[in-house]
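Read the structure below first, then the notes.
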Amino acid sequence: MPPAPAALPVPPLPGDKVDLLARLTDGLDAPGLWWLSGYAAGLAARPGARPAAAEPQAGARLTIVFGSQTGNARRVAEQLARQAGTEGLAVRLLRADAYPLPELKDERLLYVVISTQGEGEPPDDARGFVAHLLGKRAPKLPQLQYAVLGLGDSSYPLFNATGREIDERLAELGAHRLFARGEADVDVEAVATPWLAQALEQARGTLAAAPSATVTSSTSTVLLSSTTTSATVTPLRAVAPASPWSREKPFAAEVLANQRLTGRGSRKDVRHLEIALEGSGLTYQPGDALGLWPRNPPALVSAVLAELSLDANADVDGVLLRTWLAERRELTKLSRPFLARHAERGGHAALARALEPDHAPALATLLGTNQLIDLLQAYPARWSAADLVAALRPLAPRLYSMASSQSVVGAEAHLTVDHVQWEAPGGRRWGAASHQLASSDEGALLPVFIEANERFRLPRDGARDVVMIGPGTGVAPFRGFVQERAAIGAAGRNWLLFGAPHARHDFLYQLEWQQALKSGQLHRLDLAFSRDQADKVYVQHRLREHGRALFDWLEGGAHLYVCGATAMGRDVEAALLDVVATHGGRDEDAARDYLARLQQQGRYARDVY
């Protein structure tokens with residue numbers, strides 16, 4: 001997809017048009033409203049369309065920029081935009097890759113809501129924005145007033161690194177920080193709610209004081225990021241009734257099938273699950289994810305209770321302790337704040353040292369390889385039931401890429417799940433969600449919701465070629481891509497690069513891919529089985545090996561997709577840079593610019609985790 005342009009200002013509507021708009025939008029959820037705004041923007045941009053009302057000057061408006069990897073930052077930014085618009089403030093909401101960077105020097109009021117992923121990296125849709133801001137070309141910003149809300153996960157050492165970088169860099173450039181940076185953990189609302197209240201209060205005062213600000217509810221402007229351009233206006237389809245189910249109110253979906261994909265000789269237990277959405281009204285597109293509210297493994301809950309000698313039936317704020325630990329608190333992921341409290345409570349100097357800035361590698365290992373029970377066994381400390389519940393992080397939903405297209409499977413969602421499990425000195429360990437899914441028999445009910453991923457969409461032009469790089473379970477969304485492209489009769493070619501340890505045991509969906517090749521639904525398949533020969537071979541090696549063909553596809557307009565682990569994403573990007581430099585005759589900086597342009601054009605999308 002091309003980058004999202006700023007949508008057009010919305011002038012006051014006559015009463016009859018308000019009624020018509022209400023009927024058109026009745027039942028639309030937030031993604032549907034975003035889509036409709038983009039559709040309208042595309043219509044307005046056609047030749048002959050009447051010009052829209054003038055956009056408020058920078059000094060009289062609030063600009064909200066968001067960068068989101070899993071959707072949390074987007075949701076918070078949308079909430080802020082809605083609240084500001086309701087109060088009559090002129091506000092525009094832009095995804096970071098849609099923000100027109102030359103306008104930064106003219107901004108007067110800017111709020112940035114941004115997440116951090118992996119090892120302190122910005123989300124994919126904000127990489128260009130962050131690079132520009134941190135680079136030498138960033139303008140001085142003495143006229144700018146701003147605030148930053150960072151979203152992260154304190155189970156990673158570089159918690160909220162991107163939000164901190166942006167906040168400090170804006171100050172370096174001369175901008176005035178309106179109030180302190182917010183740093184939200186996986187319990188986003190605990191920090192986001194008071195931050196939003198302060199952001200609105202400051203915006204009211206700042207815009208009211210602006211000389212050109214004469215904004216009332218009748219002239220409020222909500223400028224939404226859009227994926228529609230004047231060249232690609234999609235025909236308006238019948239609006240489906242909105243589903244009553246959401247992240248906050250998940251649907252109880254039945255498991256229809258749970259099959260092991262890996263062979264008996266594999267060290268991995270990868271499952272294919274088919275889940276019924278019949279009667280939910282839930283719909284998704286290829287590239288979207290299924291969200292699951294997990295339960296912690298019962299054996300893990302019992303182990304924690306035994307280690308701390310706590311009563312499972314203890315009452316904490318009207319809820320049994322066993323329920324808190326099974327359904328409401330994280331047990332499989334440690335966080336830095338909990339480590340700090342536990343070290344203090346138990347008087348563990350060695351644990352406290354791991355939290356010091358110069359011990360970041362040790363902290364990363366500690367957080368990445370231990371669960372709560374491991375910490376309790378290695379560093380004993382006494383906890384009461386109430387104190388433990390207060391100190392642990394809330395249990396967060398897990399997201400799994402859809403491995404299906406609704407054009408083919410109807411009211412179902414298919415998943416490809418790696419069952420995370422290993423043996424630790426203190427016993428067997430599991431990942432909360434993957435163990436729940438892998439252990440679910442047919443007929444079991446799972447609390448699920450749909451998480452849209454607007455950054456990871458097939459090209460609207462079916463004649464475009466697509467290159468899909470998905471080792472391991474990263475192949476999941478590309479199963480849905482190929483199904484969808486076949487169902488709609490897309491004329492473009494499909495090239496899949498897949499990798500796994502062994503061809504015999506780990507070739508996920510082998511028969512499906514071979515049949516797709518035979519039927520013409522898949523035009524090229526390149527494989528990398530890392531441990532089937534003396535030298536390890538990964539998908540990045542195949543990219544370099546077939547670099548000439550890959551570059552030709554890209555030059556011909558192909559869209560490029562990468563899905564899988566963060567470390568793999570970095571290795572693949574390094575290989576892509578080599579391919580562009582070698583076969584495009586570019587130096588390193590020019591190769592980076594080439595990939596950046598692909599991303600800005602919506603032709604290079606990553607879903608890394």
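As the structure is a prediction and not an experimental result, all values here were calculated from the model.
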Quick one: side chain to side chain donor-acceptor pair (under 3.5 Å) pairs with a partner in [range], sequence neighbours left out?
range: residues 181-194; value: Ser154-Asp185, Arg164-Glu183, Asp167-Arg181, Arg181-Glu183, Asp185-Arg393
range: residues 286-296; value: Asp288-Arg457, Arg295-Glu327
range: residues 134-145; value: none

Minimal non-hydrogen separation, [X] against [Y], with atom names:
X: Val417; Y: Leu437; answer: CG2-CD1, 3.8 Å
X: Ala77; Y: Leu93; answer: CB-CD1, 3.7 Å
X: Pro477; Y: Cys563; answer: CG-SG, 3.7 Å
X: Ile114; Y: Ala126; answer: CD1-CB, 3.7 Å
X: Pro447; Y: Pro250; answer: C-CB, 3.8 Å
X: Pro123; Y: Gln117; answer: CA-NE2, 3.9 Å

Using 0.5 Å steps for rounding, measure from the [atom1] atom of [X] to the [atom2] atom of [Y].
X: Ile450; Y: Ser280; atom1: CD1; atom2: OG; result: 7.0 Å
X: Thr63; Y: Glu107; atom1: OG1; atom2: CD; result: 3.5 Å
X: Leu133; Y: Leu173; atom1: CG; atom2: CG; result: 6.0 Å
X: Leu110; Y: Leu104; atom1: CG; atom2: CG; result: 7.0 Å
X: Leu200; Y: Leu80; atom1: CG; atom2: CG; result: 5.5 Å
X: Phe456; Y: Arg606; atom1: CZ; atom2: CZ; result: 10.5 Å

Self-check item: Steps toward salt bridge (charged side-chain N to carboxylate O under 4.0 Å, His left out) verdict (Arg75, Glu78)
Solution: CA-CA 5 Å; Arg75 276 190 295 272; Glu78 288 171 355; over 6 Å; no
4.5 Å side-chain heavy-atom contact, [X] and [Y]:
X: Val191; Y: Leu149; answer: yes
X: Thr283; Y: Ser243; answer: no
X: Gln599; Y: Asp124; answer: yes
X: Phe481; Y: Met402; answer: no
X: Arg336; Y: Leu355; answer: yes
X: Leu331; Y: Leu325; answer: yes
X: Leu151; Y: Val113; answer: yes
X: Val608; Y: Gln69; answer: yes

Quiz item: Just checking, any donor-acceptor pair under 3.5 angstrom between side chains of Glu451 and Tyr400?
Solution: no
Distance-only, no hydrogens or angles: does the [X] side chain make a donor-acceptor pair with backbone N or O of [Y] under 3.5 Å?
X: Asp125; Y: Ser68; answer: yes
X: Gln406; Y: Tyr284; answer: yes
X: Arg341; Y: Leu339; answer: no

Quiz prompt | Contact list for residues 132-184, test ring pair (Phe, Tyr, Trp, His ring centres under 6.0 Å), sequence neighbours left out | solution = Phe179-Trp195
Quiz item: Given Arg74 and Glu454, is the salt bridge (charged side-chain N to carboxylate O under 4.0 Å, His left out) satisfied, shown in steps?
Solution: CA-CA 11 Å; Arg74 172 181 55 80; Glu454 300 293 341; over 6 Å; no
Looking at residues at least two apart in the chain, or sitting in another chain, which of them share a salt bridge (charged side-chain N to carboxylate O under 4.0 Å, His left out) with [X]?
X: Asp593; result: none
X: Glu168; result: none
X: Glu330; result: Arg398

For [X], check side chain to side chain donor-acceptor pair (under 3.5 Å) against everything at least two apart and list the hits.
X: Ser407; value: Glu484
X: Ser155; value: Asp153
X: Thr162; value: Thr116
X: Thr473; value: none

Quiz prompt | Heavy atoms of other groups near Arg247 CZ, more than 12 under 6.0 Å | solution = yes
Exercise. Would you please classify the geometry between the Phe129 ring and the Tyr99 ring as parallel, tilted or perpendicular, with 30° and 60° separating the classes?
Key: perpendicular
Practice problem: Mind checking ring pair (Phe, Tyr, Trp, His ring centres under 6.0 Å) for Phe338 and listing every partner two or more places apart, or none if nothing turns up? | Solution: His342, Trp383
